[in-house]
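Handing you this structure, nothing more for now.
All heavy atoms count here, side chains included; hydrogens, waters and symmetry mates do not.
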Amino acid sequence: MIPDLDYIYQTFMRGDLHPLYVDLYPALLRYAVKLTGESLAHMSEDCVQDAILHTYFHREKLESMAHWRNCLFLNIRNRAIDLIRRADCNQAFVDNALLSDDAVEDVSLAIIYQDALDVIYAAVDSLPEEQRRLFDLSFREGLKNAEIADKMCLAEITVKKRKARLLEKIRQMLGRDIDRDTLLVILTLYLRQAA
């Protein structure tokens, strides 16, 4: 399900953090893990918690929902930089990637990327169980049609047809005029994020 950002923002501004933690926290955590890398992933929750609290305590300065989202992502990014510096880990990555002059663009791209992932997560989660299983076997596990046919006790041609219908259904659920190749790229991004 795609988070209702307007509702989360309004409740946040009124001092209620519950909707943020229920609907937006997982996305913020994925962003923090991406920044900190595997070696410091265990500290990503601290980055997110600190960023939420900092944004919360300065919420009277927020001008709009877009400003609020930018502040959350920028605060997470800044906490990740601090964490990496303190850990004296992977300094070259910090110097070259996180501290670039394109910080605002990096945050904007992260927000766009996260929005796309939210749409994909919602689409995949809403599939019927059998289609989700086909999706998992095909895209998450990377099995070939013959292997899927064996696991699902189906003919290989049936798997091929169901996969084609599955991709078409996801494409329609995304509600965009995208071709099959673009859909496959989007699904690859989704799977890389889910791994």
Point-to-point distance, once rounded to the nearest 0.5 Å, from OH of Y21 to CG of L28: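 That separation rounds to 9.5 Å.
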Separation between CG of L166 and NZ of K161, rounded to the nearest 0.5 Å: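 Interatomic distance, L166 CG to K161 NZ, rounded to 0.5 Å: 16.0 Å.
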Compare every heavy atom of A51 with every heavy atom of R79, then report the nearest pair and how far apart it is.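 It is CG-N, 4.2 Å.
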Can you tell me if E147 uses its side chain to pair, donor with acceptor, with the backbone of K144 under 3.5 Å?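 A pair under 3.5 Å: yes.
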When you measure from the side chain of H58 to the backbone N and O of H54, does any donor-acceptor pair fall under 3.5 Å?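 Confirmed, H58 side chain pairs with H54 backbone.
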Single-linkage hydrophobic cluster L17~Y9, side-chain heavy atoms < 4.5 angstrom: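 L17 and Y9: one cluster.
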So, applying side-chain contact (heavy atoms from CB on, under 4.5 Å) with V48, which one of V33, L29, L53, L24 is it?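 Single side-chain contact (heavy atoms from CB on, under 4.5 Å) partner of V48 among V33, L29, L53, L24: L29.
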About how many Å separate OG of S44 and CZ of R30, when rounded to the nearest 0.5 Å?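 It is 12.5 Å, given to the nearest 0.5 Å.
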Polar side-chain atom of S138 near backbone of F135 as donor-acceptor pair, under 3.5 Å: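 Answer holds: no.
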If you count heavy atoms of other groups shown closer than 6.0 angstrom to NE2 of H42, is the number above 12?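 Yes.
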If hydrophobic clusters are built by linking Ile, Leu, Val, Met, Phe, Trp and Tyr wherever their side-chain heavy atoms come under 4.5 Å apart, do M13 and F73 end up in the same one?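 Same hydrophobic cluster.
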So, taking the atom named OG1 in T55 and the one named CD1 in I76, what distance separates them when rounded to the nearest 0.5 Å?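 Going from the OG1 atom of T55 to the CD1 atom of I76 covers 8.0 Å.
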Please report the C-alpha distance between D46 and M43 in whole Å, then the side-chain angles of each, then the deciding distance to 0.1 Å, and finally whether the side chain to side chain contact (heavy atoms under 4.5 Å, CB included) criterion is met. CA-CA 5 Å; D46 291 344; M43 298 295 290; 3.4 Å; yes
Check whether T158 reaches the backbone of L154 with its side chain - one donor and one acceptor, N or O, closer than 3.5 Å.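 Pair absent, no side-chain N/O of T158 close to backbone of L154.
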For the pair Y56 and F12, name the ring-plane relationship: parallel under 30°, tilted 30 to 60°, perpendicular over 60°.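 Perpendicular: the ring planes of Y56 and F12 meet at over 60°.
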Is it possible for you to say whether I157 and M152 belong to one hydrophobic cluster, with membership spreading through side-chain heavy-atom contacts below 4.5 Å?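 In one cluster: no.
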If you measure from CE on M65 to CG on N70, what distance do you get to the nearest 0.5 Å?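 Reported to 0.5 Å precision, the distance equals 10.5 Å.
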Nearest atoms (heavy-atom pairs only) where L134 meets K163: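 In terms of heavy atoms, the two residues are closest at CD2-N, 3.7 Å.
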Heavy-atom closest contact (A149 atom, A155 atom, distance):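 Scanning both residues, the minimum pair turns out to be CB-C, 4.0 Å.
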For the CD atom on E130, are there more than 12 heavy atoms of other groups (residues, nucleotides or ligands in this structure) within a distance under 6.0 Å?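 No.
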Is it true that atom NZ of K160 has more than 12 heavy atoms of other residues, nucleotides or ligands lying nearer than 6.0 Å?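 Not buried by this count: 12 neighbours or fewer within 6.0 Å.
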Measure the CZ-CG distance between R69 and L62 for me, rounded to the nearest 0.5 Å.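 If we round to the nearest 0.5 Å, R69:CZ and L62:CG are 13.5 Å apart.
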Hey, are the side chains of L5 and D23 touching, using non-hydrogen atoms and a 4.5 Å cut-off?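 No - every pair of side-chain heavy atoms lies 4.5 Å or more apart.
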What pair of heavy atoms forms the shortest contact from P19 to D16, and how long is it?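 For P19 and D16, the tightest heavy-atom pair comes out as CD-OD1, 3.5 Å.
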